[in-house]
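This chain uses plain numbering: 1 for the first residue, then up along the sequence.
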Amino acid sequence: MISPSFGLHWRAGRLSADCPCSLSARSALLSSTRSTNIRNLRIGTAIVTLLAATLGAPSSLRAKETTGTVRGFVYDAATGVPLPQVHVEMIGEVTVAATTTSKGAFTVEGVPVGTYRVSYAGANHEPVSVEGVTVTAGEIADASASMPMRLRARGTSSVASKPGMHPGPRAVSTDSSVMNPASRRDGAPSDASRALAGVTGVAERTNAVAAVSLDPRNRLIALNLNSSAAGASAGSAIGIDSSVDNRSSKPKATDDRGGQSAPGSALAQRGRVRLGRNGLRFESRDGTFKSEMHLRSQIRLSSPFKSVPRQSKHFLRENENDLRFRRARFKSSGHLFRPWVRYSTEYDLVGTRMLDLRVTVQKWEWLQFRVGQWKTEFGRERVSSSGRQEFVERSIVNRQFTLDRQKGFMVMGRVKNGTRADSRYYAGVFTGNGRGFRSSGAGSLDNRDGSPMWVTRYQWNFLKDDPGFSQSDLEYHTAPVAAIAIGTMSNRSRFTRFSGSGGGSVDGYEVGLPGQFAVKQVAEDFVLKYRGLFLQHELHWKKIRDRINHSITRSSGIYFQGGYFPHYVAPWVPEQLELGLRYATVDQDHVRRFDRIVESAFVVNWFMEGHGNKLTFDVARYRLNQPNGTHESAVQARVQWDVSF
């Protein structure tokens with residue numbers, strides 16, 4: 001219903017609603033907007049249906065798996081030398097045994113699902129046991145361990161399998177052509193092994209391991225530090241560990257938004273330090289402090305545009321080929337005083353600025369608290385780290401609707417974990433001025449309007465599991481995981497949009513006076529991961545009210561994207577390869593007819609170490625409507641190497 005008390009804003013001018021022609025024009029524009037929105041929803045629905053039908057259906061042909069695989073690597077705790085002919089025995093749902101190869105590796109396939117205790121017995125080393133090795137259907141569990149050398153060698157002996165062991169699982173030789181420089185052909189102990197003879201070892205275990213991790217060159221080295229003058233004591237050792245995916249050579253994607261970190265190492269008077277593919281880790285021996293540090297870099301080539309074109313003038317630019325380090329970040333995370341007091345920091349080495357600095361109290365799963373500066377939990381695409389995106393860059397929807405990083409306080413939690421009512425909730429209050437504080441000609445851009453930003457998000461994990469925020473189904477979920485969420489935001493400040501640089505303005509606006517713009521936003525998002533298939537979608541609405549010029553702008557945006565590892569339907573395709581599609585559209589102002597931009601993109605990913613080391617190539621076509629009924633169009637190609645260490 002159109003009320004005669006309303007005015008119609010047309011670009012810089014204003015038409016009276018009492019004029020019949022203006023009413024007719026407004027009705028036509030509203031009708032056109034509704035038709036366009038309906039058309040976009042139909043296109044998105046068709047894309048999701050097509051992806052699910054063509055990519056998801058073949059996976060149903062796979063038989064339900066009830067067994068898994070256990071792999072491991074056994075090595076000397078003092079020298080790191082692989083230990084051959086070590087008897088490995090697994091006791092749990094069944095009892096199975098294996099013997100390590102000349103390179104210290106072993107593999108047992110067809111192990112029934114369950115939890116096992118794994119023991120290791122060698123001729124010249126103390127026996128070692130690892131508790132709680134969990135075998136999951138269709139996955140690969142890690143049972144690696146280090147073994148301390150006996151104080152006195154007792155000679156060699158062979159250990160046979162015990163009678164009554166389960167005949168189903170089968171031991172498989174996994175010899176790999178790896179030479180360890182610390183090993184000796186004659187079997188005599190090296191100087192290091194003689195010096196550290198009798199040192200107590202440390203057995204390390206992770207949830208999953210891939211074949212590539214059996215290579216000693218890829219192992220994580222853990223060094224226990226002690227304060228003794230000799231530099232080595234009965235409590236120090238060198239251990240080996242690995243952290244990889246539960247399937248093949250793709251490392252497992254770990255969500256960086258609330259997921260528990262793997263047990264790390266720490267630095268104290270009597271602590272441990274570990275250096276590996278996940279960075280440098282420190283941990284105090286009493287467990288009161290843990291820190292994990294690593295670097296992430298992105299080098300990108302874009303052509304022919306440096307950035308995404310949004311206006312007519314942007315499409316006229318050519319030969320902006322750009323090659324540079326798009327991002328270089330230093331990250332640190334861990335816990336303080338108690339394991340449930342978590343902290344996280346992220347520093348931008350390119351822009352020399354602090355991005356994240358937050359502390360989270362996680363004593364209870366259902367009630368947690370967070371304070372500091374971080375990416376506000378509002379839209380799924382933005383919360384996901386740039387290093388865990390499926391495409392080189394986020395969709396065109398992100399710029400118009402992201403809240404990015406804010407400073408404030410949030411209450412959050414997870415309830416009904418593992419049930420059909422499994423949910424996550426977020427409720428926070430922020431300054432509403434973006435990252436940090438900065439100065440301009442207008443003075444300090446602080447919260448002088450006195451009105452905070454309120455943000456809420458509710459996420460329903462209706463398939464009993466949380467899919468996390470990272471993109472692509474690297475974990476290869478044998479059971480589908482999905483979530484649907486809705487978020488709201490209300491803010492009053494001088495800004496109409498936010499980015500990694502802080503508060504800013506959408507196209508057509510400038511930074512205003514304190515409290516000039518009252519902004520309200522609503523977002524809906526959906527995600528599904530199943531057997532290598534990944535689907536994601538977001539829908540945004542935004543209302544900007546200029547409290548000084550008495551105008552209102554409404555905008556909306558939507559995107560659909562999906563990806564799949566074709567190896568699962570065509571085994572001849574490399575398993576590291578993922579293909580994906582995306583469609584996105586943004587209407588920056590529902591009143592203006594010629595500001596709608598559309599993105600259609602295709603991506604190819606090659607995962608070498610999951611999201612930690614990958615190559616991404618995408619091609620996107622952008623189209624902008626024009627007043628004369630035509631449109632501007634351009635194609636952008638991008639290549640990016642993303643690596644974390």
Side-chain angles (χ1 to χ4, degrees), residues 8-14 29 32-33 36-37 40 302 305-318 320 378-379 381-382 393-404 432-435 438 440 442 445 489 491-513 516-523 538-559 584-601 620-628 630-634 636:
L8 176 65
H9 295 270
W10 183 263
R11 296 190 182 275
R14 180 183 180 91
L29 292 176
S32 175
T33 300
T36 303
N37 289 336
N40 290 334
S302 301
F305 302 104
K306 182 171 63 176
S307 57
V308 174
R310 306 184 313 275
Q311 303 175 25
S312 297
K313 60 183 180 180
H314 298 160
F315 288 86
L316 301 177
R317 298 178 301 189
E318 295 181 356
E320 282 189 344
F378 176 68
E381 185 181 38
R382 185 57 190 178
E393 193 57 88
R394 297 177 177 90
S395 71
I396 58 175
V397 174
N398 174 73
R399 185 183 190 278
Q400 184 81 8
F401 300 99
T402 177
L403 304 186
D404 212 274
N433 288 278
R435 181 200 62 82
R438 62 179 186 176
S440 69
L445 304 184
M489 184 276 281
N491 184 43
R492 193 173 77 235
S493 69
R494 62 174 66 198
F495 306 114
T496 54
R497 68 172 292 267
F498 300 95
S499 68
S501 299
S505 302
V506 297
D507 293 335
Y509 281 86
E510 295 182 354
V511 174
L513 299 175
Q516 179 175 349
F517 302 112
V519 180
K520 293 185 178 181
Q521 291 186 215
V522 178
E538 284 186 34
L539 177 62
H540 290 264
W541 296 272
K542 185 172 187 176
K543 175 184 176 181
I544 304 174
R545 182 165 66 92
D546 189 333
R547 300 170 66 239
I548 294 180
N549 297 317
H550 306 290
S551 63
I552 295 178
T553 300
R554 292 179 174 87
S555 58
S556 61
I558 187 171
Y559 78 83
T585 179
V586 173
D587 187 350
Q588 301 178 68
D589 189 340
H590 288 177
V591 175
R592 297 199 304 262
R593 296 181 58 186
F594 310 111
D595 63 349
R596 179 182 296 276
I597 184 171
V598 178
E599 173 190 11
S600 303
R621 179 175 180 264
Y622 304 99
R623 187 180 64 191
L624 178 67
N625 296 340
Q626 292 294 296
N628 58 5
T630 63
H631 59 265
E632 295 282 359
S633 180
Q636 182 186 41

Exercise for the section: Please lay out, stage by stage, how His314 and Phe305 fare under the test side chain to side chain contact (heavy atoms under 4.5 Å, CB included). Expected result: CA-CA 9 Å; His314 298 160; Phe305 302 104; 6.0 Å; no

Practice task
Using the side chain to side chain contact (heavy atoms under 4.5 Å, CB included) rule, take Val308 and Glu393 through it: C-alpha gap first, then chi angles, then the decisive distance, then the call.
Solution key: CA-CA 10 Å; Val308 174; Glu393 193 57 88; 5.8 Å; no

Exercise for the section: Please check if the side chain of Glu632 supplies one atom and the backbone of Phe315 the other of a donor-acceptor pair under 3.5 Å. Expected result: no

Problem - Flag, side chain of Asp404 to backbone of Phe498, donor-acceptor distance under 3.5 Å - result: no

To the nearest 0.5 Å, how far apart are [atom1] in [X] and [atom2] in [Y]?
X      : Y      : atom1 : atom2 : result
Asn625 : Ile597 : CG    : CD1   : 9.5 Å
Glu381 : His540 : CD    : NE2   : 7.5 Å
Gln521 : Phe401 : CD    : CZ    : 7.0 Å
Arg554 : Arg545 : CZ    : CZ    : 11.0 Å
Ser312 : His631 : OG    : NE2   : 12.0 Å
Lys543 : Ile552 : NZ    : CD1   : 4.5 Å

Problem - Set of residues satisfying side chain to side chain donor-acceptor pair (under 3.5 Å) with respect to Ser633, sequence neighbours excluded - result: Arg621

Between [X] and [Y], which heavy-atom pair has the shortest distance, and what is it?
X      : Y      : result
Ser556 : His590 : OG-NE2, 3.0 Å
Gly432 : Phe495 : O-CD1, 4.3 Å
Arg547 : Ala518 : CD-CB, 4.1 Å

Exercise for the section: Under the salt bridge (Lys or Arg N to Asp or Glu O under 4.0 Å) rule, collect the residues that match up with Arg394, sequence neighbours excluded. Expected result: none

Problem - All salt bridge (Lys or Arg N to Asp or Glu O under 4.0 Å) counterparts of Glu538, not counting sequence neighbours - result: none

Residues in side chain to side chain contact (heavy atoms under 4.5 Å, CB included) with [X], at least two apart?
X      : value
Ser505 : Thr496, Tyr509, Val511
Arg497 : Arg399, Ser499, Val506, Lys542
Ala584 : Ser395, Ile396, Val397, Tyr559, Glu599

Problem - Side chains of Asn549 and Ser551, donor plus acceptor under 3.5 Å - result: no

Handout entry: Note, Phe517 side chain near Asp546 side chain (heavy atom, < 4.5 Å)
Key = yes

Handout entry: Note, Arg310 side chain near Asp507 side chain (heavy atom, < 4.5 Å)
Key = yes

